[in-house]
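In what follows, every heavy atom counts, from backbone to side chain, and hydrogens, waters and symmetry copies are set aside.
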Amino acid sequence: MLNLFLIQALNGVQLGILLFLVAAGLTLIFGVMDVINLAHGALYMIGAYLAATLTAATGSFGLGLLLALPATLAFGLALELLVIRHLYGRDHLDQVLATFGLILILNEGVRIVWGAAPMSVPVPDALSGSLHLVGTLHYPLYRVAIIAAGLATALGLHLLVNHTRLGMRLRAGASNGPMVAALGIDIRRLFLVVFGLGAMLAGFAGAMVAPILSVDPGMGDSVLILTFVVIVIGGVGSVRGAFVAGLLVGLADQLGRTFGPILLRSVMDASAASQTGRTLAPMLIYILMAAILFFRPSGLFPARGSR
């Protein structure tokens, strides 16, 4: 039972790290730009497809990943210039409708370019084994690499946001965008940088998950819902909040799915416990969100002056 708990806890941390990578960019976009971008999950999908394509072309996952990051960044910058820029200052309903349309366009575009059949990316040979933890417990080395890469990215974002001039502008923009513009900062360029950074983070998450999940059209839709939950729990505009909330959501999801039915067996028969556990497990993260918002309506770590 202890081994099962540790395995599922690590799976939860890995899921939380991936959610953080997607949520960090989206929370900055929403916090700084005041734009609700429903198409952010599609950038996660684009990153996965680019990594799969470039890995197949180069024969190396590492090289494919390195090439996929600037490619996703360029795609995000083009998307901001062509579409998102025209949504600044518009009503949130307009933003929702426009970016929902983008989801449909990008999903269909992926089907046209890559086809509807799922793509697969082999796990790199150097990371194909397992890591011995304690006793008889082993954990896939590639999943450990995902956790390590996510933690390194989180540290890099922390340093960027809290210890650089760009980070100072991002924090100021999240607190009071009009004042930042009044001080002479090119707000459009700042928005472009924020959106490009968010796109690259989402693409990085998609590229990292490609070897352990199938790459298929619409794969970003499900992760988008969890991403918004992470942002709401963590606080809009807060990278630290996105990190903590991502881990909470990942652990609640993985541990709930595994141990929910086991705990319910103490009060009902095995068949009913299994059925009820499967029904309740997907609800746990929303129950967690409701409980946190009851005590902290602005989230765990709301950005100062957040909307």
Student check: side-chain heavy atoms of [X] and [Y] closer than 4.5 Å:
X    : Y    : value
M208 : Y142 : yes
F30  : I36  : yes
T258 : N11  : no
L201 : L28  : no
W114 : P217 : no
I231 : V236 : yes
M119 : Y49  : yes
L133 : L10  : yes

Working to the nearest 0.5 Å, report the span between [atom1] of [X] and [atom2] of [Y].
X    : Y    : atom1 : atom2 : result
M45  : D221 : CE    : CG    : 7.5 Å
I84  : Q95  : CD1   : CD    : 8.5 Å
H92  : L87  : NE2   : CG    : 10.5 Å
F204 : L65  : CZ    : CG    : 6.0 Å

Nearest non-hydrogen partners of [X] and [Y], listed with the distance:
X    : Y    : result
T72  : G47  : OG1-CA, 3.7 Å
A126 : L141 : O-CD2, 3.6 Å
P118 : S214 : CB-CB, 4.1 Å
L73  : G196 : CD1-O, 3.3 Å
L50  : A71  : CD1-CB, 3.8 Å

Hydrophobic clustering (ILVMFWY, side-chain heavy atoms < 4.5 Å, transitive) - are L6 and I146 grouped together?
yes

Taking the side chain from [X] and the backbone from [Y], do they hold a donor-acceptor pair closer than 3.5 Å?
X    : Y    : result
S238 : F301 : yes
T27  : A23  : no
T99  : N37  : no
H40  : V22  : yes

Counting neighbours of CZ on R111 that are heavy atoms of other residues, nucleotides or ligands and sit closer than 6.0 Å, is the number greater than 12?
yes

Are there more than 12 heavy atoms of other residues, nucleotides or ligands under 6.0 Å from atom CG of D91?
yes

Evaluate the ring planes of F20 and F243, with Trp represented by its six-membered ring, and classify them as parallel (under 30°), tilted (30 to 60°) or perpendicular (over 60°).
perpendicular

